[in-house]
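Working notes, structure below.
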Amino acid sequence: MHYIDALNDKQKEAVFHLGPPLLILAGAGSGKTRVITTKIAWLIQEKGYDPRSILAVTFTNKAADEMKTRVLSMVDGAENVMIKTFHSFGAWLMRRNSHLLGLPPRFSIYDDDDMVALLKTVLKTVVKEKITAQNLRWIASSISRAKDKCLTPDDDLSAIDFDKSFHIKYRAYQSRIEEMGCADFGDLIMRPVRFLRENPQVKKRLQQRFTVILVDEFQDSNRAQFELLKEFYYEDNYLCVVGDEDQSIYSFRGAEVQNIVEFPKIFPGTKVIMLEQNYRSTGNILKLATKVVEHNEYRLGKNLWTKNKNGDLPVLYQASDQDEEALFCAHLLKDGNFNGTAILYRNNYQSRAFESLFIRLRIPYRIVGTLRFYEREEIKDILAYLKFLVNMKDEVAFTRIINKPPRGIGGKNQEKIKTSPGNDYLEKSKNILPELSKKIKDNLVYFINVIEESLRIIESHEPGEVVQQLIFRSGLYDHYKEKDKNDNTMKLQNLEEFVNATASYPGGMEGLALFLEATLLDSSNENPYVSEEKVTLITVHNTKGLEFDRVILTGLEDGLFPHLSHSDFRDDNDIEEERRLFYVGVTRARKELYFTCCIKRLVFGQYISQYLSRFLSEIPRDCLQPFHSIKAESGQYFSRGDRVSHPEYGTGTIDRRWDNDDEEMVIVRFDSGRYLQFITGYSKLEKLQHS
DNA sequence: GTTAAAGGATTTTTT
DNA sequence: ATCCTTTAAC
């Protein structure tokens, strides 16, 4: 097998191992995905495993997709290998056994916002105290954390929430969500665990089917996920987990580093293989990363090394504030290497300074992570309509759509509908009709007709057709057309894109349910425009698994990165996780690494003095070099009346010229009639000779 | 029940 | 600085 030759000795050892459980500790950039995919190919091709008996679990859809693609290219029959995220695997298991779980086969999946919306209605009847939106978020997150640990309302929840009545709220929420035939993210793991414990025959069948289980990014697994794994595992089967304890960065979501660190103790006889050769970064970048992460105590410890050349020393640039920090990035980007560059930050909101500058300078960028497509208001609206079609007991979906667009059916009337008799919200709506005033009644009848018409055509039409009709008939189209005009948004366009997204799905209820599941579980927000040259703006968390020629790690200020919002509650574990996050950021870089920090920063509209990140002081002197001012390079290049040319906008004349903060600014009147402003030092303007 | 103004909270990180 | 929720007016 030729693809084996591409591996180093340790990687080969990992691929060829069989027998007791295997823990692969794979350092950053050590070729871990290659090892897993090769292992799958080897098992099928050389060891004769049935592809159907192999289960590979990842954390993100992106990782799952990549693994699928790579395995498919290596071996025939690989489409039968089950490669899924933990959550989609849980959903798969629950759908197959929905009858035993007391769920409808097409149960709907609730995201965090849906959880909050449901809690809001549930808690009204359970507690007297006033619940604010923040309280709701807190409780929702406590419920998620409890589920991450596989804890039910009957278990001891004191470690989750101080609130003595938390278990009451949790119980009320849980019985309501089950009654409606819905499941939140946490349920997708916890319910399968409990289900397998109570149904040994089903468990046995699954154990017989999946004789090989591989888990990627194991350092980010939570307890429930570990429990699920334990339910699956038995001695005759093969279990292989891959991860890097130094890259465990999701404890806020319930991930427990202990899972990987203690793995050999929990599975005695575990074989441990370390992949320590790094293929990604230069020697200097790797050394810096290693030196900083060595400050962590809770780790197994690896010694990363590389055959790559040392490369340039990483650079530190101290900016006066976030705007100058952005200017520095723009300065580096003058070389035009957009695709190869990523600007990393700790918090999403930090992207703003970069965005506003890059728009002005016309530097092309893409933002990864924020404002995901399916989280947009208009998309959630149409999704709610569809969810309601699939499951008309779904109260959250119903509440979202009943008065969207406004139909005059507000809180009072909604309450009437909810308390009227009926098995689901369509029946309830019909039954309340006689009690309503003429105007409200007409509107509700219209709504009912929209739903029933969609139900009628759903089996006989393409999904795109159904969605398109729904958008028009529900009134969302007119509603957002108006809104687009007033607020200059592009919501209609997004709805249009949504229709396109349904294209590859089969028709009917079944196809719709498939589409909804895929949409809710797939958070990937990749734009399809990869071919265009763009700088990547991204949170450090989102960079997991990515790499870039040049990385700029920004906002290296104490309190920001490491993030310390409630310093009193922070302990060593939190700092160690922040340090791991720093390590993740650093090890994304292939060739060039820059750090930036600000002396002062705009926080809630006020400038606050900042201090250097403690992580910077953990970097040995000889691993870092300072970068001196980017200014003083500018001077006067243009005068009013000069003829200029620009590669994108053509030729024009300088209309105005002035200095702003040591930067030369001009406004150009292009011959096309457009007026555009430039900072000359960052623009592609060229002076033309007068002829 | 809907719209406008004012006041208050927000900032981790996401399957 | 901006977004969101609550309150007051129509």
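Protein chains get the first letters and strands the later ones, always in sequence-line order, with residue 1 at the start of each.
- The nearest whole Å value for the distance from the NE2 atom in A/H479 to the P atom in B/dT2 is 11 Å.
- A/R253 meets the side-chain contact (heavy atoms from CB on, under 4.5 Å) test with A/F59, A/R145, A/Y250; sequence neighbours excluded.
- Separating the P atom of B/dT13 from that of C/dC4 is a span of 14 Å, rounded to the nearest Å.
- Ring to ring, A/Y110 and A/F185 are not that close: their centroids are 6.0 angstrom or more apart.
- By the criterion of a centre-to-centre distance under 5.5 Å and near-parallel planes under 30°, the ring of A/Y349 forms a stack with the base of B/dT11.
- Using C1' as the reference atom, B/dT12 and C/dT5 are 22 Å apart when rounded to the nearest Å.
- Residue pairs meeting the salt bridge (charged side-chain N to carboxylate O under 4.0 Å, His left out) criterion with at least one partner in residues 81-95 of chain A, sequence neighbours excluded, are A/R95-A/E517.
- Here A/F86 lies out of heavy-atom contact (under 4.0 Å) with every strand.
- The nearest whole Å value for the distance from the NE2 atom in A/H541 to the P atom in B/dT11 is 16 Å.
- Counting any heavy atom pair closer than 4.0 Å across all strands shown, A/F252 reaches a base atom.
- Between the CD1 atom of A/I608 and the C1' atom of B/dT10 there is a distance of 14 Å, given to the nearest Å.
- Counting to the nearest Å, the P atom of B/dT15 and the CG atom of A/D112 are 10 Å from each other.
- Nearer the 5' end of DNA chain B, as judged by each residue's closest nucleotide, is the contact made by A/I409, out of A/I409 and A/T60.
- Nearest nucleotide to the A/P406 side chain, out of B/dT14, B/dT2, B/dT15: B/dT2.
- A/N347 places its CG atom 7 Å from the P atom of B/dT12, with the value rounded to the nearest Å.
- Side-chain nitrogen and oxygen atoms of A/N403 include at least one within less than 4.0 Å of the OP1 or OP2 phosphate oxygen of B/dT2.
- OP1 or OP2 of B/dT15 has not a single side-chain nitrogen or oxygen of A/N61 nearer than 4.0 Å.
- One interatomic measurement links the two molecules: CH2 of A/W138 to C1' of B/dT10, which rounds to 16 Å at whole-angstrom precision.
- Counting heavy atoms from C-beta on, the side chains of A/D558 and A/L612 never come closer than 4.5 Å.
- Side-chain contact check for A/E577 and A/S248: no donor-acceptor pair (N or O, by modelled atom type) lies under 3.5 Å.
- For A/D113, the side-chain contact (heavy atoms from CB on, under 4.5 Å) partners two or more places apart in sequence, or in a different chain, are A/D111, A/R137, A/K380.
- Following rounding to the nearest Å, A/E415 (CD) and B/dG1 (C1') show an atom-to-atom distance of 16 Å.
- Between A/R352 atom CZ and B/dT10 atom P there is a gap of 15 Å when expressed in whole angstrom units.
- When the nucleotides B/dG1, B/dT15, B/dT12 are ranked by their closest atom to the side chain of A/N413, B/dG1 comes out on top.
- Annotation: side-chain contact (heavy atoms from CB on, under 4.5 Å) contacts of A/A326 (sequence neighbours excluded): A/F354, A/L357.
- The phosphate of B/dT14 (OP1 or OP2) has a side-chain N or O of A/T539 nearer than 4.0 angstrom.
- Bracketed by its first and final contacts, the part of DNA chain C lying under 4.0 Å from non-hydrogen atoms of chain A reaches from C/dA1 to C/dT2 in 5' to 3' order.
- Applying the side-chain contact (heavy atoms from CB on, under 4.5 Å) criterion to A/E377, with sequence neighbours excluded, gives A/D381, A/R400, A/K404, A/Y480, A/K483, A/K491.
- Of the candidate nucleotides B/dT13, B/dT11, B/dT15, B/dT11 has the atom lying nearest to any side-chain atom of A/H563.
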